[in-house]
Amino acid sequence: MSTPKVHHHQYDVVIVGAGGAGMRAAIEAGPHAKTAVISKLFPTRSHTGAAQGGMAAALANVEEDNWEWHTFDTVKGGDYLVDQDAAEILAKESVEAVIDLENMGLPFNRTPDGKIDQRRFGGHTRDHGKAPVRRSCYAADRTGHMILQTLYQNCVKLGIEFYNEFYVLDLLMNTVDGVERPSAVVAYDLATGELHVFQGKSIVFATGGFGKIFKTTSNAHTLTGDGVGIIWRKGLPLEDMEFYQFHPTGLAGLGILLSEAARGEGGILRNASGERFMERYAPTIKDLAPRDMVARAMANEVREGRGAGPHKDYVLLDLTHLPPEVIDAKLPDITEFARTYLGVEPYTEPVPVFPTAHYAMGGIPTNVKAEVLRDNDTVVPGLYAAGECACVSVHGANRLGTNSLLDINVFGKRAGIFSVEYAKTADFVPVPEGAVDEVVALLTAVRNSKGTEKVAVLRKELQDTMDKNAQVYRTEESLDEALAKIVELRERYQHISIQDLGQRFNTDLLEAVELGFLLDLAEVLAYTAKERRESRGGHFREDYETRDDEKFMVHSMAYKTGDTIKLGWKPVTITNYPPMERKY
Amino acid sequence: MSAEATTPVIGEVPSFAVTLMVRRYNPEVDSEPKWQDYDLTMYGTDRVLDALHKIKWEVDGSLSFRRSCAHGVCGSDAMRINGRNRLACKTLIKDLDLSQPIYVEPIKGLEVEKDLIVDMNPFYQAYRDIKPFLIASDKPEKERIQSAADRERFDDTTKCILCAACTTSCPVFWTDGQYFGPAAIVNAHRFIFDSRDEAAEVRLDILNDKEGVWRCRTTFNCTEACPRGIQVTRAIAEVKQAVLRGRA
Amino acid sequence: MAKLPAGTLYRGKVGMWSWVLHRITGVAIFFFLLVHILDTSLVRVDPEAYNSVMATYKTVIIGFGELGLVAAILFHAFNGVRIILIDFWRKGFKYQNLMFWIVVAIAFILFAGFAPRHLMHVFSYNH
Amino acid sequence: MEIVIETPNSPRKRKGANWEKYGWMYMRISGAVLIVLIFGHLIVNLWDKGVGAIDFAFVAGKWTNPFWQVWDVLMLWLAMIHGTNGMRTITNDYAEKEWVRKTLNVSLWVVCAALIILGTLVATTFDPCIDPNAVNYLPTVCK
Ligand SMILES: Cc1cc2nc3c(=O)[nH]c(=O)nc-3n(C[C@H](O)[C@H](O)[C@H](O)COP(=O)(O)OP(=O)(O)OC[C@H]3O[C@@H](n4cnc5c(N)ncnc54)[C@H](O)[C@@H]3O)c2cc1C
Ligand code: HEM
Ligand code: SF4
Ligand code: F3S
Ligand code: FES
């Protein structure tokens, strides 16, 4: 490939990703600094739009509630691996985050007296676990859609500059005053195949999750973890990568998500014989137990032969006792999914569901100012991360439903505020020599590779092995199998070939590049999962069935050193809530 | 409750043969678009998007189309399937007439960039032109109060995912591409009828343009195409009425 | 804009086809009206000329043309009412499909009443 | 939140004042009235004896009655403007080049005006006894 055309841009703040977190940051940054948002998708196509259930905030609009209870639930839900200072910020700033959105125009559902309505959601309780509480603010079952639209609308209002369908493929770092700092990102313009270097005083990563390492997932095709992968390849650490959330209610076989709101509104999980099995696993809050527990309970029902269907490989979500008006008013979209994709009528039939890969608790480690960390406590000046790609860590070992939409708003906003603050005083970091060399090399290698392996085949094999070996139940053996497979796939990845050699809209090329990131992240996940020899939150080891606070009350910190993974550990910040057994 | 009796059988989905006719065009090599046929074996739960992926992943990697969420919420993959605008990810193959090939082509009225990818910029521009954001001067301490009924007033039009299925199904939009189009009007409607918004008049004035609401000829293609089930034509009618009254 | 060959015909439903028909009938009526005003104007010029033009209206071919014209007016007029109802009646959009078929039905019934009588007349002066 | 931006994005260029709203209203109002006028016209002219009965005498007979004069002139105005405005919509849709569009629209309105004037004059200045020699054309009034 001839060297592509390269364009240069300078912005005070460069934000990578136009999902909820990226745009929330842009709304803070835009009015105060020259800001660009770079996104591989048109902003409203980001996966924040798929979020359904709601956004947690202790508004106490419908019943007594406060941020302290919310903090407790978050910490407990995260199986005590949550950094409690961060969780306090999350819970405290939640109210403002929701009010911000409302003031920006978000059409929340309303109470009879015109305030923002709230509903129940898994793991959110009153008075430290006494009973479920209505804490989730929502807009029907398209809260994420409304957040994404509202944020984009406000970006339009502010005249934020977007570079859409630009794939960021590299982060350039340079050493100034003896400190390594971010200087620019390199992006590939899908429409033309040309490269763009965006130099920024501060750079914010908000690139979302990487659910596509799994086969059955609620995540979009585009959630390939590029941002997290780029950070990884720079030698910066990734935190808590073993903690991946499997959402209990994905449409069986498809992975499309049916929000927890379905259970919040009274939906009940049943096994083949119609038994409400959650009564056995979480007697107090039953179907509204945290996701990891419900997902495991479901997988266990199936493993023990109580699954429904011809292959006994799923359980049933029963909404038939809910009045159709309630379903229509509160859960219109997800019942529509059941109808469209499975041909099931939720008014009268239970819906086949099974856990689906949903959310990465881990990611790029940051402090509460959204500054990226290069080790347990040193920040990389000028580099920020927020949203699902980041790990603050407010979700610990298991995220509570509705806490992620909150996370992207609270920490997205913080990333915006602090990145501007930094850009106000900082200078541009010089772009290193040969800025685009690495990206050109990467793209050329893929384009010129004349092997026989196909990207889609490798990706499928990766996803299959991850579903089989690194899902709800894990063992040393299964994780070893996954790792061996990844090594094999990585080798075969050297021999891929693509068919599209053109410049315009070459998605063939980009899928190959994305696969590279998927392989990297899958490996880190499997590796850290293997090293965490305990069970906690979303990470369940059949060979180590209990939580081991003695050894593992720590965050994992994985570093890429050459071609191997180096693992470190980072203490958990505990303020008010000493670890206790997690029972519901 | 007897779960077994009411459980639909999934997992054992029947497979069938289909032919997909895809409108291919790569301006780097082709002088004009052409139809290309692909014979595939698909399954009962497969959608047209799955078929396109199958082609891309197994037959011809250069086939280009946009997609992301794969379940009808991101609005990436509006295309013309058997002559009608739909989302590929929401169109089950088994629901189509399989005795004939399935025709897949780009949405109409926007310039084709490559295969099924069109230049969406004119569409986005029309959206931005109607000031799609809340304009309110008060600075409330907490949330603004809005009755459930007032909230309900514009519920339908908040569902829009900007997929462009409506605008590019509109015969008026096809003619010269200058018409604001149903999607822009839908998004204007979402604010015009929001009791918290203070700029209804501004938007009504914008849409009282030569290329505004009056160009709509009530052909209902938009309503039929909308994957979110938005009553687009009704929304347009409500905006027309509001322009006539001079307020929401 | 859309310089490329268009591909297949869009398969719109009743709404779209009724619009196509409304447009075609509108244009047809318009051109007929132009001619009709001109020919009627002859009454101011010369009764003989007027009558001779009117005589051509009485041929079989034109007779069928008139049939078409009446059909066009019937459709255009009642579909016009349908459009007005869609615009101003709150439930109009909901019943637009049904209303289309009612338009077709009314137009057809009136046409069925008119056509035989008209043809009878037409053939009667062509003996 | 302290976001204050008053005129954030440049509005679409307004192409001068426009009458589309009035055009739209006019199409509907005239349409409604035209139903009565046109069907009345058709019934009176065609039903009884068909086109065959229409001749100078018939027209002359009608127009001696001011009621029919007003009827026909009103119909003429409403229908011509309705039709021309409808045609304008259509040329606006399909004529892409601005000058083509302009030319067509101007021609349409010129034709429309000419025919309205012509028709109105004909109907209002109509003289049933235009040619007293042509006895066999004359309506009864002239005899
Ligand atoms: C189906 C579903 C339902 C959910 N429901 C809820 C819920 O009810 N409540 C809740 O709290 N949470 C929910 N979540 C989780 C939550 O929605 C997500 O975690 C959150 O929206 C992530 O937001 P984000 O801004 O970090 O990333 P995203 O919204 O995924 O945005 C990522 C952005 O990064 C861009 N990007 C990625 N890679 C690149 C690159 N290489 N170059 C340039 N740009 C790039 C993308 O274009 C995109 O704009 C749900 C998640 C799913 C999948
Ligand atoms: C009989 C009563 C009539 C009624 C109720 C009627 C009604 C209407 C209406 C409501 C429209 C607007 C359509 C829209 O905005 O989508 C319209 C358009 C039109 N009418 Fe009529 N009309 C009548 C008679 C006529 C006559 C006599 C002519 C010809 C001179 C005519 C020619 C047209 C044309 C050309 C259009 C534009 C069509 C288009 O834009 O697609 N109409 N009519
Ligand atoms: S109104 Fe419907 S069809 Fe149109 S852009 Fe919005 S979602 Fe798509
Ligand atoms: S398709 Fe077009 S004509 Fe009107 S009803 Fe819809 S905008
Ligand atoms: S892929 Fe998102 S709408 Fe179809």
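In what follows, every chain begins at residue 1, and chains take the letters A, B, ... in the order their sequences are listed. Basis for what follows: all heavy atoms, side chains included, without hydrogens, waters or symmetry-related copies.
Within residues 224-234 of chain B, the residues having any heavy atom under 4.5 Å from a heavy atom of chain C are, by residue number, B/Glu224, B/Ala225, B/Gln231, B/Arg234. Using a 4.5 Å cut-off between non-hydrogen atoms, the part of residues 86-96 of chain C that approaches chain B consists of C/Ile86, C/Asp87, C/Phe88, C/Phe93, C/Gln96. Applying a 4.5 Å heavy-atom cutoff, the residues of residues 82-91 of chain B that approach chain C are B/Asn82, B/Gly83, B/Arg84, B/Asn85.
Atom CE of C/Met16 sits about 10.5 Å away from atom SG of B/Cys170, to the nearest 0.5 Å. A distance of 11.0 Å separates CG of C/Leu85 from OG1 of B/Thr218, quoted to the nearest 0.5 Å.
Only the side chain of C/Ile83 has a heavy atom closer than 4.5 Å to any heavy atom of chain B. Heavy atoms of B/Ile236 lying under 4.5 Å from chain C are absent altogether.
Looking only at distances, a side-chain donor or acceptor of B/Arg80 sits under 3.5 Å from a matching main-chain atom of C/Thr8.
Here the closest heavy-atom approach between residue B/Ser169 and residue C/Tyr10 is recorded as CB-OH, 3.2 Å.
You'll find the side chain of C/His22 stays beyond 4.5 Å of the side chain of B/Arg217, heavy atoms only.
Applying the side chain to side chain contact (heavy atoms under 4.5 Å, CB included) test to C/Ala28 and every residue at least two apart in sequence or in another chain returns nothing.
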